[in-house]
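The structure appears below as structure tokens.
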Amino acid sequence: MATKFYFCPICGNVVMKMVDSGVCPSCCGKEMQELSPHMQEDPNLSESHLPIVIRVDVYNVKISVGTKLHPALANHHIQFIFLETMHGGRIHYFEPTEEPCATLCCLGTPIAAYAYCNVHGLWKTDIINL
């Protein structure tokens, strides 16, 4: 199953589907909206959002958000990154003022990295030959 994220426009909850039974998740009494990740930088934005993935060693990858690191402000920040692998994934949550960069253990083959900005939504980088 491809990784899917959903957003509640009422309270702002974001959920990741672990098993897809074909039913849309709900929150606040309404169906959540499936998030379609952005896969190219938006030239109209002053910050960049795409995850940058670098293999550190055989066991670890480093993920940073943006070619110039994304802001880490109370009102505009990266809430989490998710490293998707062939057999699951790893997630890392950030505090609002924490720099959006983390090293994650990756024993499997990484296939994509996601970043979620509290203002501009979900972003994705496909990983090829890492």
Side-chain angles (χ1 to χ4, degrees):
M1 174 182 113
T3 300
K4 292 182 181 181
F5 295 89
Y6 292 82
F7 174 76
C8 176
I10 296 170
C11 71
N13 275 340
V14 176
V15 299
M16 181 176 68
K17 240 185 194 187
M18 305 301 288
V19 176
D20 192 354
S21 63
V23 176
C24 185
S26 62
C27 186
C28 297
K30 305 248 183 215
E31 281 193 356
M32 298 179 83
Q33 300 170 354
E34 184 176 347
L35 293 172
S36 295
H38 303 280
M39 297 186 69
Q40 292 183 337
E41 292 295 358
D42 184 338
N44 298 317
L45 299 177
S46 60
E47 64 282 321
S48 55
H49 292 85
L50 287 175
I52 309 294
V53 183
I54 299 170
R55 172 73 68 184
V56 175
D57 57 35
V58 70
Y59 301 110
N60 298 288
V61 296
K62 179 179 178 182
I63 301 175
S64 55
V65 180
T67 51
K68 177 182 171 195
L69 278 182
H70 187 280
L73 308 169
N75 64 346
H76 187 193
H77 56 276
I78 299 298
Q79 290 186 296
F80 67 84
I81 56 175
F82 178 70
L83 177 66
E84 181 180 17
T85 69
M86 296 290 287
H87 302 289
R90 301 266 186 219
I91 195 162
H92 182 88
Y93 299 97
F94 296 101
E95 294 296 323
T97 57
E98 186 180 358
E99 190 174 78
C101 184
T103 300
L104 303 175
C105 180
C106 179
L107 301 177
T109 303
I111 57 174
Y114 296 82
Y116 184 77
C117 172
N118 72 316
V119 174
H120 298 108
L122 187 64
W123 299 77
K124 177 184 177 185
T125 299
D126 287 325
I127 301 171
I128 302 166
N129 299 328
L130 183 66

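Considering all non-hydrogen atoms of both residues, Asn60 and Arg55 come closest at O-CD, 3.6 Å. Considering all non-hydrogen atoms of both residues, Gly22 and Lys17 come closest at N-NZ, 4.4 Å. Residues Pro96 and Ala74 come closest through the heavy atom pair CB-CA, 4.0 Å. For the residue pair Ile52 and Gly66, the shortest heavy atom distance occurs at CG1-O, 3.9 Å. Val119 approaches Asn75 most closely through the heavy-atom pair CG2-O, 3.5 Å. Summarising the geometry of Leu83 relative to Val61, their closest heavy-atom pair is CD2-CG2, 3.4 Å, with the distance given to 0.1 Å.
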Walk me through it: do Glu47 and His76 pass the test side chain to side chain contact (heavy atoms under 4.5 Å, CB included)?
CA-CA 11 Å; Glu47 64 282 321; His76 187 193; 3.4 Å; yes

One pair to check against side chain to side chain contact (heavy atoms under 4.5 Å, CB included): Cys8 and Lys30. What are the steps and the verdict?
CA-CA 8 Å; Cys8 176; Lys30 305 248 183 215; over 6 Å; no

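Ring centroids of Phe5 and Tyr114 are separated by less than 6.0 Å, placing the two rings close together.
Within the model, atoms OG1 of Thr125 and NE2 of His38 stand 12.5 Å from one another, a figure rounded to the nearest 0.5 Å. Between Met32 atom CE and Ile10 atom CD1 the span is 10.0 Å, to the nearest 0.5 Å. Taking CD from Glu95 and CD1 from Ile78, the interatomic distance works out to 14.0 Å, rounded to the nearest 0.5 Å. Ile63 CD1 to His92 NE2: the interatomic distance, rounded to the nearest 0.5 Å, is 10.0 Å. Taking CD1 of Ile111 as the start and CG of Asp126 as the end, the distance is 8.5 Å to the nearest 0.5 Å.
Under the 4.5 Å side-chain heavy-atom criterion for grouping Ile, Leu, Val, Met, Phe, Trp and Tyr, Leu45 is connected to Leu50 within one hydrophobic cluster. Under the 4.5 Å side-chain heavy-atom criterion for grouping Ile, Leu, Val, Met, Phe, Trp and Tyr, Ile91 is connected to Leu35 within one hydrophobic cluster. Ile81 and Ile127 fall within the same hydrophobic cluster, where Ile, Leu, Val, Met, Phe, Trp and Tyr residues are linked whenever their side-chain heavy atoms come under 4.5 Å apart, directly or through other members. Both Tyr93 and Tyr116 are assigned to one and the same hydrophobic cluster, defined by single-linkage of ILVMFWY side chains at heavy-atom distances under 4.5 Å. Following chains of ILVMFWY side-chain contacts shorter than 4.5 Å, one cannot reach Val23 starting from Val15, and the two form parts of different hydrophobic clusters.
Counting heavy atoms from C-beta on, the side chains of Glu84 and Met16 never come closer than 4.5 Å. Proximity of Leu122 to Phe7: side-chain heavy atoms (C-beta onward) are nowhere separated by under 4.5 Å. Two residues are said to be in side-chain contact when any heavy atoms from C-beta on lie closer than 4.5 Å; Cys106 and Arg90 fail this criterion. Looking only at side-chain heavy atoms (C-beta outward), Trp123 and Glu41 come within less than 4.5 Å of each other. Side-chain contact between Phe94 and His77 is absent, with no heavy atoms from C-beta onward closer than 4.5 Å.
Just one of Cys24, Cys27, Ser26 meets the side-chain contact (heavy atoms from CB on, under 4.5 Å) condition when paired with Tyr6; it is Cys24.
Ser48 places a side-chain N or O within 3.5 Å of a backbone atom of Thr67 that can act as its donor or acceptor partner.
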